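The structure appears below as structure tokens.
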There are 2 protein chains.
Amino acid sequence: MTGTPASPRRRGAARTEELLRVTLDLAAEVGYAGLSIEAVARRAGVGKHTIYRRWPSIAALLLDALSLVWTSDLDYRNAGDVRADLREQFLRSSLALSSPPIGPVYRAVIAEAQADPTLRATLHERFLITVEQSTLDRITRAQRTGELTAEANLEFAAEVLCGTLYYRWLLSTRPIDESAVDGLLDMFMAAYGSSNQN
Amino acid sequence: MTGTPASPRRRGAARTEELLRVTLDLAAEVGYAGLSIEAVARRAGVGKHTIYRRWPSIAALLLDALSLVWTSDLDYRNAGDVRADLREQFLRSSLALSSPPIGPVYRAVIAEAQADPTLRATLHERFLITVEQSTLDRITRAQRTGELTAEANLEFAAEVLCGTLYYRWLLSTRPIDESAVDGLLDMFMAAYGSSNQN
DNA sequence: CCCGATCGGCACGGTGCGTGCCGATGGGCA
DNA sequence: TGCCCATCGGCACGCACCGTGCCGATCGGG
């Protein structure tokens, strides 16, 4: 969705990236409430047209800004056993979700998406599917190594794992702390962990 | 006076209830996008002050409107086995979440809550805690009857069950259909169902 | 029966949205 | 090198909604 690499871009591409960074800075400073196109334009010293030429709405801009900081933190380590890897990844994710700029930007996009099914589909496709998939990859490996039972429906399991964390982040006042992650993993391992361990 | 059929100027509590019903009607007709204080006032033929005297924000109004239609559908049946009861309740809830007026109003409140931690706490306390608690009650009964293992941490389990449904409703494009509920219950029963069957 | 609380209606300044129109600018191409 | 025009910053517009203030009408309890 960002610049087309085929035709030689003029100064536009540089402006685009600069605008994304300004958006992230703005989110980190003033948070959710200040995330408007007017605010980004004002802060960047830019006409609103320059933004509207690139993104059709504030939500589209925020989606791209999110992509910029959505780094490889998503990749699960494959170091310890599956439970330890999941635990580490969930705690790391919860930290990202509760910190600027990801926290405010992500929350803003999710809120916008409640009013716009198309945006909801895009959000799901670009981020949530990715999150679920990386979780699914990790537990699929665990199933192949015998850490998880062969009968487990891992697709649903991945959705349950991710969904529970998002639920707590979005709708609960409780933090995603170690006890929450452990409780979730207790249930997951009780359901699908191989029983051949001691 | 305008051509509206004689609705005698009501006051106090009567006005309050009428405004809540107008809000629900509005939500059912125009959905999320049309839920503003101005719109409610316009539709009710009411000065904005009349609304602001009762609720400090559109979110507060929507919360009360939600309470009006948040009926005893929450109560679980205690008819069949625990899995059947959960299944029925989850499917019934998903129907409510996807229908007006509950769907649009609930979505609007959740979106507003993303920008307001205080509202998020209120929302959690008034609705989500209630949902989790009724689920917890049902599975606690099942644990006492021996349908679920004694070691299960049912508080986390209730959060996982509800959270997964909310996650799919808010952030996914997939519907909460029978296969989703079955998949979720498969995992839950695999984790905590008693193994003394057959 | 009357006084005061509540009402509907209107208007205000403020903010953000999305668009239209300027004149300036600077990079690609002849 | 120098021209041309897409892109730029800036400004303004109409619209919508917010939250507040004021007015005169209206209803109802004392």
Side-chain angles (χ1 to χ4, degrees), chain A residues 2-23 26-27 30-63 104-105 108-109 111-116 118-119, chain B residues 1-23 26-27 29-62 104-105 108-109 111-112 114-116 118-119:
Chain A
T2 30
T4 39
S7 66
R9 278 297 170 197
R10 316 209 169 150
R11 221 175 143 192
R15 279 278 177 280
T16 298
E17 188 179 348
E18 179 188 326
L19 288 172
L20 290 173
R21 300 202 174 281
V22 166
T23 301
L26 190 66
V30 304
Y32 180 108
L35 292 177
S36 67
I37 287 188
E38 293 244 0
V40 173
R42 207 181 308 130
R43 191 177 215 277
V46 146
K48 282 194 286 181
H49 265 326
T50 304
I51 295 181
Y52 278 108
R53 191 175 298 118
R54 291 169 167 77
W55 300 278
S57 66
I58 182 65
L61 166 58
L62 293 178
L63 271 177
V105 173
V109 171
E112 288 277 319
Q114 296 312 307
D116 180 353
T118 301
L119 172 61
Chain B
M1 269 287 150
T2 55
T4 46
S7 70
R9 223 180 197 179
R10 284 194 251 171
R11 295 173 161 243
R15 257 289 180 261
T16 298
E17 187 181 347
E18 181 187 325
L19 288 172
L20 290 174
R21 300 204 174 278
V22 166
T23 302
L26 189 66
E29 287 186 18
V30 303
Y32 180 108
L35 293 177
S36 65
I37 286 189
E38 292 243 359
V40 173
R42 206 181 309 128
R43 191 177 214 277
V46 145
K48 281 193 287 180
H49 224 42
T50 305
I51 296 181
Y52 279 109
R53 190 176 299 116
R54 291 168 167 77
W55 299 278
S57 67
I58 183 66
L61 166 58
L62 294 178
V105 172
V109 171
E112 288 278 319
Q114 296 312 308
D116 181 352
T118 300
L119 172 61

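Below, read A as the first sequence line, B as the second, and so on, with proteins coming before strands; counting in each chain starts at 1. A quick note: this is a predicted structure, and the numbers were derived from the prediction, not measured.
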For this session: Return the set of residues passing side chain to side chain contact (heavy atoms under 4.5 Å, CB included) with A:Q114 (not counting sequence neighbours), or none when no residue passes.
Result: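 A:Q114 satisfies side chain to side chain contact (heavy atoms under 4.5 Å, CB included) with A:I110, A:R120, B:Y32, B:R107, B:A111, B:L170, B:L171 once adjacent residues are dropped.
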
Exercise. Is B:R21 salt-bridged to B:E18, going by a charged N under 4.0 Å from an acidic O?
Worked result: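 No, no charged N to carboxylate O under 4.0 Å.
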
Nucleotide N/O to protein N/O under 3.5 Å, stretch nucleotides 17-20 of chain D:
{"unit_1": "D:dC17", "atom_1": "OP2", "unit_2": "B:R42", "atom_2": "NH2", "d": "3.0"}
{"unit_1": "D:dC18", "atom_1": "OP1", "unit_2": "B:I37", "atom_2": "N", "d": "3.3"}
{"unit_1": "D:dC18", "atom_1": "OP2", "unit_2": "B:I37", "atom_2": "N", "d": "3.3"}
{"unit_1": "D:dC18", "atom_1": "OP2", "unit_2": "B:E38", "atom_2": "N", "d": "2.9"}
{"unit_1": "D:dG19", "atom_1": "OP2", "unit_2": "B:Y52", "atom_2": "OH", "d": "2.9"}
{"unit_1": "D:dG19", "atom_1": "N7", "unit_2": "B:K48", "atom_2": "NZ", "d": "3.0"}
{"unit_1": "D:dG19", "atom_1": "O6", "unit_2": "B:K48", "atom_2": "NZ", "d": "2.7"}

For this session: Working to the nearest 0.5 Å, report the span between OG1 of A:T50 and CD1 of A:I37.
Result: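 Here the interatomic distance stands at 11.5 Å.
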
Exercise. How long is the gap from CG on A:L63 to OG on A:S57, to the nearest 0.5 Å?
Worked result: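 The distance works out to 8.0 Å.
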
Problem set entry | Atom-to-atom span, CZ of A:R53 to C1' of C:dT19 - whole angstrom |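 In whole Å, C:dT19 C1' and A:R53 CZ are 13 Å from each other.
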
Exercise. Please give, in whole Å, the distance from D:dT7 C1' to A:L19 CG?
Worked result: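 About 13 Å, once rounded to whole Å.
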
Problem set entry | With sequence neighbours excluded, residues passing side chain to side chain donor-acceptor pair (under 3.5 Å) with A:R43 |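 Side chain to side chain donor-acceptor pair (under 3.5 Å) list for A:R43, sorted by chain: A:E29.
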
Problem set entry | B:R15 side chain near D:dC27 phosphate (N/O to OP1/OP2, under 4.0 Å) |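 So the side chain of B:R15 is outside the cut-off, no N or O lying under 4.0 Å from OP1 or OP2 of D:dC27.
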
Exercise. Closer than 4.0 Å, any side-chain N/O of A:T50 to the OP1 or OP2 of D:dT7?
Worked result: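 Negative; the distance criterion is not met.
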
For this session: Report yes if the side chains of A:I58 and A:L61 come closer than 4.5 Å at any heavy-atom pair, otherwise no.
Result: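 In short, these two side chains touch, coming nearer than 4.5 Å.
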
